Structure formats: structure tokens, C-alpha cells
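So the structure is just underneath, and the comments pick up after that.
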Amino acid sequence: MGACVRIRHVLAGEGLGAEIEVKGWVRTSRVGKGVAFLAVNDGSCFASLQVVAEQGMASYDAVCAIGTGAAVAVRGRLAESPASGQRYELHATAVEIVGPADEEYPLQKKRHTFEYLRTIAHLRPRSNTFGAVFRLRSSLAQAVHRFFAERGFLWVHTPIITTNDCEGAGEMFRVTTLDPSRPPLVGGQVDFSADFFGAQAGLTVSGQLEGELFAQAFTDIYTFGPTFRAENSNTPRHAAEFWMIEPEMAFADLMADAALAEEFFRYLCRHVLENCREDLEFFNGQIDTGLIARIEAVADTSFAMMEYGEAIERLKKASVSFEFPVSWGLDLQTEHERYLTEQVVGGPVFVVNYPKEIKAFYMRQNDDGKTVAAMDLLVPKVGEIIGGSQREERYDFLEARMRETGIAPESLWWYLDTRRWGSTPHAGFGLGFERLIMYLTGMENIRDVIPFPRTPRHAEF
RNA sequence: UCCCCGUUAGCUCAGUCGGUAGAGCAGGUGGCUGUUAACCACCUUGUCCGUGGUUCGAGUCCGCGACGGGGAGCCA
């Protein structure tokens, strides 16, 4: 008897002709006269292994009664399959039912809606679609780390709990150990100085500010971790808990930032094309026809670049009518972004140098006095997927901008300090990991690319 | 948070003009078969989301509520 082999290797023909053992979960069973077929999946790949059990085997009657969802351990000889549909199959000599499953198992061998599967998130990873999603998610996360590691970027674990209440990037979840029914009061207000951290604390909405501090020591760094927003957003693109990737480079300007974003995005496209092919074929066939062609196009083209001002002019000349107005000084809506990338450019495009009024306080002011060194990467079908900027490294400019936008400089004294000593031109960008997964799988709801999604009124499992 | 749409069998859905509910799949029984979401025959399964109203009569029309989805805003 050989050691237990993962089905991915079995289906590659490893152990052909030999006695092997596999362990996994039964996807379907078909019982005939004198012969039974089990499709067994262990999550190591999309395809299941066909197990053939013949009458005369010790536990044949029990095998015939195995229901969808049962866990089994199968010993047998791996052989080439005489029938079409699979190249190899396992001729069982012994089948052990490790964990049975009865007819109430909710995952039937038929199509379910994603809405229903969300209500059984504890079981949905055993389905075809979610198996593919979470294999790709894992592989992509490792590719993100590999990309940065190959280029000498330091991975910094920025804090999840923070007392920065002025990052300006959305509502924060509060972190407290105070008794909610009897908080200590001072002048009618909650006295957070008596709280665990001695100040109002919350879950991070971005690791960027801390990332910048580390870039001023390690040159090139990135963050990759969970991020939280307490916004009451009920859309297919928003979650209360999601993962974000934020590289930051010292001694770098906006063009270096865009160059990194392009290299990074194309690297990840190539990664899934080369390493997640079987799952990608499934998405291309069942979820989003045209997916592979779109990813291949992005992986092969170099990205265009356009000034914000030019983008506005192109939109004004557009023959199509937009729902939202187009005017210099207004932010671009998704419909505008998609027009630019799909109709004007016909591929990925960076839009750079936005009006300072519509961008964050930390972005570097350009010499024209009107714009900041911001960039958004727009891609077909979704619009913006990466947003970044060169940061304001000049102390006086940064402090003035903070005051203009209502942020107390003393509350971010440590951030300003990096501009006092050894300040450098630096730049970075942010990418929502789930939005990347959605782009690379064709899945249209963020709740279906997160194992156990957190959204308003939902934190089950 | 706002605007639309939806909620019917375990699952996916149909249900006409207001007259007490059907199909496929799943499950059960039998048959057949190296099968591929197997197939064939028969059988079982309902708080029609909740609540109030209109009506002789409501799954169907109206009000309110809950939940889900899509769009918008916010953004990643």
C-alpha cells in the first residue's frame, strides 16, 4: 500500500499502475449493476477523480449507498480509463467511509444560486465554483508576495488597531473595552482616556501612513493585510472586511509608481494564466466568457497614460451621453472610466494629475498649483482598479494642505516628522485584493470571493 | 442611506382574468446501464416571507414590516 496521494498528482498520472490511496469528498455517485462510480475531490484541483468499485469488493454494498458529500479514503490501483471523460481512474480495492453524509446534505449535484450558497458558506468551498475561487485566491496571494520579494520589497505588518481618527478614508469600527451600557463620562461625553488604549481606537482603514514610515527606512516596502470599513455600503463591490495591497517606494516619483503598478498588474495576470489554468478555464466557460481573452490582452499590452485634463476633453467630445456630468474639477464616475479604457484607449490606461480638491491631503502638489501627482489605473469592464500617488514630501506643503482639509497636524505629528529628517520623494498605490480576484475570475459579487464575507448585518460563520 | 426588483416543495423555478398550487432536480421504490449533473417508470413533499386590509373568495390586489438581489452614493 502506497502513501496517500493528492488528487492533483493522481490526475497527472503519478503512480499509474501502482496501488495508491486517496482521501477526499464524494461529489457524485452513480451506481450500476455490479459497478459503482464515485467522483472524489480533495480540493487540490478542479477535477475530481473517478473511483470505480466493482461487485465482489468487501464493502461494495456500503459503497453503493454513499451519498454526495461523504468523506472517503480509497485504496486501489491507478489505471488508464477505458471510457471518455477522464484519462485516469482508480480501481478500488478498499473504500473506507471516513465521514458519511445523508440526503440532507445541502449541496446537491445541480446548479445552486450564489445567494443560496452564501447562506451555507461553511459548505460552499466544496462546490466547483468556490473551490476554483479559493484556490485562485490562495495562489494569487502567494504571487503577490513573490512579486515583491523578487524585487527586494520589505513586507511590513502595519497595525490593525489604530488611534488615527483622521485618515479620512471612511467610517471606522470602534475598538473598546468600555462597558457599552455604562461608559465613563466627562462633561456628558464618553471619556476615552479611561479606555484600554487611553484614546478612541478603531480598526484600520488603511496601512498607507505607517507604510510610508517604513519606506523611509527600507526604501521599498509593501503591506498586504486586512482592512476595515464601517460604511453602510450594500453593493457587490464593498465589504466591511477586505484585504488590501499597498506598496510604497522611497526615492520614487509618479512615473516610477505607474511603472511598478503596470509591472505588478501584468505579473499577476500572467501568474493566473500560467498557474491557475484549470480553474480559469472553468470561469471562462461558466462564469464569464471572454475572461481569458481579456486577461491575456492585459498581460500582453503596455498600458497607456493620459492627463486628467485630457481625459475630461475626451469625455466632453464623446458621442455617448453620460448619466453624470463631465467638467474639469469633478471626479470621474465608473461610466466615464469605462468609456476611457474601453472606447478611447481600448486597453488599460493610467489617468494622472487630478485636481487637488478631489484627492487626499497627502498627495504631492504639482507646480501648476491646481493638480496633484495622483494616478488611477483603469481597466476594461471595471474601471478603476489601482489608485496611487506621489506623496507630498515637503513639510510646509503637507502641513498647509492638512490645515486646508481640516486635519489637525499635531494628530499626525509622527507622519510630519518623516518630512523633517531625511525626507525623500516617494510614491505608492493601493489595490483591493478582492477586486483583483473579481477581475481575474469574472465573479461579480465581492461576497463570493471572500471565504466568510462581512457586510452590513452579516458576520455569520 | 436612497431608488427599483424579488421572497411559492430540501434546491431551481412556473403559476394566465382573484376561484384553496405545479414542473425539473433532490429523496423513496422498481428497472436498466463502464457510468459522466447517467437514464426510464411510479411515489412522497407546501405556515405560497410575516402582518393588516379589500373581497363571497387572495399565491395573485392594496398598506406596513422583515429578508435577499440589482442600481446609486461612499470607496478598495
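First the proteins, then the strands, lettered A, B, ... as listed; each starts at 1. Fair warning: this is a prediction, and the values are worked out from it, not measured in the lab.
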inquiry  = Quick check on contacts: within residues 82-92 of chain A, what sits under 4.0 Å from RNA chain B by heavy-atom distance?
reply    = A:Pro82, A:Ala83, A:Ser84, A:Gln86, A:Glu89, A:His91
inquiry  = Rounding to an integer number of angstrom, what distance separates B:U55 and B:G28 when you compare their C1' atoms?
reply    = 42 Å
ask   = Can you check the A:Tyr116 OH to B:C13 P distance for me, whole Å?
value = 13 Å
ask   = B:C49 and B:G34: how far apart are their C1' atoms, nearest whole angstrom?
value = 47 Å
request  = Rounded off to whole Å, could you give me the CD1-to-C1' distance for the A:Ile446 and B:G69 pair?
outcome  = 16 Å
task = Please measure how far the C1' atom in B:U54 lies from the corresponding atom in B:G6, and state the result in whole Å.
result = 24 Å
task = Quick one: label A:Gln50 by what it contacts on the DNA or RNA (base, sugar-phosphate, nothing), any heavy atom closer than 4.0 Å.
result = base
key: Of A:Asn284, A:Leu440, A:Val272, the residue whose pairing with A:Leu291 passes side-chain contact (heavy atoms from CB on, under 4.5 Å)   = A:Asn284
key: Interatomic distance at C1', B:G30 relative to B:C67, whole Å   = 43 Å
request  = For A:Ile386, answer base if it contacts any base atom (sugar-phosphate contacts may also be present), sugar-phosphate if it contacts only those atoms, and nothing otherwise; contact means non-hydrogen atoms under 4.0 Å.
outcome  = nothing
query = By side chain to side chain contact (heavy atoms under 4.5 Å, CB included), which residues pair with A:Phe218, not counting sequence neighbours?
reply = A:Leu154, A:Phe214, A:Ile221
inquiry  = Strictly below 4.0 Å, N to O, side chains only: are A:Arg151 and A:Asp220 in salt-bridge contact?
reply    = no
message = Rounding to an integer number of Å, can you tell me how far A:Asn41 CG sits from B:A37 P?
response = 15 Å
query = Atom CG of A:Leu107 and atom P of B:U12: how far apart are they, to the nearest Å?
reply = 12 Å
inquiry  = Under a 4.0 Å threshold between the charged nitrogen and the carboxylate oxygen, would A:Glu393 count as salt-bridged to A:Arg364?
reply    = yes
query = Which is true for A:Phe37 with a 4.0 Å heavy-atom rule: it touches a base, it touches only sugar-phosphate, or it touches nothing?
reply = base
ask   = So which nucleotide from B:A72, B:G34, B:C74 ends up closest to the side chain of A:Glu54?
value = B:G34
request  = Take the protein atom CD of A:Gln333 and the nucleotide atom P of B:A72, then report the distance between them rounded to whole Å.
outcome  = 9 Å
query = Less than 6.0 Å separating the ring centroids of A:Tyr222 and A:His145?
reply = yes
query = When the P atoms of B:U47 and B:C11 are considered, how many whole Å apart are they?
reply = 11 Å
query = So, does the side chain of A:Ser233 form a donor-acceptor pair with the base of B:C75 at under 3.5 Å?
reply = no
query = Centroid-to-centroid, A:Phe153 to A:Phe224, below 6.0 Å?
reply = no
task = Could you tell me the separation between the NE2 atom of A:His238 and the C1' atom of B:U1, rounded to a whole number of Å?
result = 13 Å
task = Answer with base, sugar-phosphate or nothing: what part of the nucleic acid does A:Arg27 contact at a heavy-atom distance below 4.0 Å?
result = nothing
key: Secondary structure string for RNA chain B (Watson-Crick or G-U under 3.5 angstrom, | for other-strand pairs)   = (((((((..((((.....[..)))).(((((.......))))).....(((((..]....))))))))))))....
request  = Just call it for A:Asn234: base, sugar-phosphate, or nothing, with non-hydrogen atoms closer than 4.0 Å on any strand.
outcome  = base
message = Distance check, C1' atoms only: B:G22 and B:U45, in whole angstrom units.
response = 13 Å
ask   = With respect to A:Leu273, which candidate in A:Val298, A:Leu268, A:Ile295 satisfies the side-chain contact (heavy atoms from CB on, under 4.5 Å) definition?
value = A:Ile295
query = Charged N to carboxylate O under 4.0 angstrom, A:Glu404 versus A:Arg401?
reply = yes
Salt bridge present between A:Arg137 and A:Asp279 (N-O < 4.0 angstrom) = no
query = Looking only at atom P, what distance separates B:A9 and B:C5, rounded to whole Å?
reply = 22 Å
query = What does A:Tyr105 touch in the nucleic acid at a heavy-atom separation under 4.0 angstrom: a base, only the sugar-phosphate, or nothing?
reply = nothing
ask   = Which nucleotide, B:G71, B:G69, B:A38, lies nearest any side-chain atom of A:Pro236?
value = B:G71
query = With a 4.0 Å cut-off on heavy atoms, is A:Pro106 in touch with a base, just the backbone sugar-phosphate, or nothing at all?
reply = nothing
task = Round to the nearest Å and state the distance from A:Phe46 atom CZ to B:U36 atom P.
result = 18 Å
request  = Please work out if A:Thr235 contacts a base, only the sugar-phosphate, or nothing of the nucleic acid, heavy-atom cut-off 4.0 Å.
outcome  = base
task = Quickly, which of A:Asp448, A:Thr441, A:Thr129 forms a side-chain contact (heavy atoms from CB on, under 4.5 Å) with A:Ile287? Name it, please.
result = A:Thr129
request  = Could you tell me whether A:Thr113 contacts a base, only the sugar-phosphate backbone, or nothing, with contacts defined as non-hydrogen atoms closer than 4.0 Å?
outcome  = sugar-phosphate
query = Checking all strands, does A:Ala39 fall into the base, sugar-phosphate, or nothing category for heavy-atom contacts under 4.0 angstrom?
reply = nothing
inquiry  = At less than 4.0 Å, is any side-chain N or O atom of A:Arg30 found next to OP1 or OP2 of B:U36? Yes or no.
reply    = no
ask   = So, is A:Arg237 close to the B:A72 phosphate, meaning a side-chain N or O under 4.0 Å from OP1 or OP2?
value = yes
inquiry  = Could you tell me how far apart A:Arg124 (CZ) and B:C11 (P) are, to the nearest whole angstrom?
reply    = 17 Å
message = Would you say the rings of A:Phe324 and A:His336 are close, in the sense that their centroids are separated by under 6.0 Å?
response = no
ask   = How many angstroms lie between CD in A:Glu14 and CZ in A:Arg8, if you round to the nearest 0.5 Å?
value = 8.5 Å
key: Polar side-chain contact A:His112-B:C11 base: donor and acceptor under 3.5 Å   = no
